[in-house]
Amino acid sequence: MNEKMDYTREELEAIIEKSKRELEERLSKMTPEERAEAERKAQKAIEEDNARIQKILDDAAEYFSDKATKDKPKFCASCGAPSDGGNFCAYCGKPL
Ligand SMILES: [Zn+2]
């Protein structure tokens, strides 16, 4: 089945409204304990997503700041040791 990707604004709003109603219906059938558990899980998923996004941003920031200061590899291509910024690997002596 081909999923239609170019929704109109009205179609999108209808889909969002439908999802909201379905969610409210599911929530209304839950006991307070089940609701609390569902909210806890959702909160945990959000925190995990945020941590993942933050890690990607940190990695990107580190990558670009390294690139800006010195355009040298971070690790030795020969032995994999971390670079100390010199022209040769401090561990195996191969040029970086
Ligand atoms: Zn090396």
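In each ligand, atom 1 is the first atom listed, and ligand 1 is the first ligand listed. Because the structure is a prediction, the values reported are computed rather than measured.
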Any side-chain heavy atom of [X] within less than 4.5 Å of one from [Y]?
X	Y	value
N87	P95	no
C89	C79	yes
Q43	E47	yes

Which atom of Y91 lies closest to which atom of A81, heavy atoms considered: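 Heavy atoms of Y91 and A81 come nearest at CD1-CB, 3.2 Å.
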Which atom of G86 lies closest to which atom of S83, heavy atoms considered: N-OG, 4.4 Å
Near the Zn ion (ligand 1) (under 2.8 Å) - protein N, O or S atoms: C76 SG, C79 SG, C89 SG, C92 SG
Residues in salt bridge (Lys or Arg N to Asp or Glu O under 4.0 Å) contact with E17, at least two apart in sequence or another chain: K20
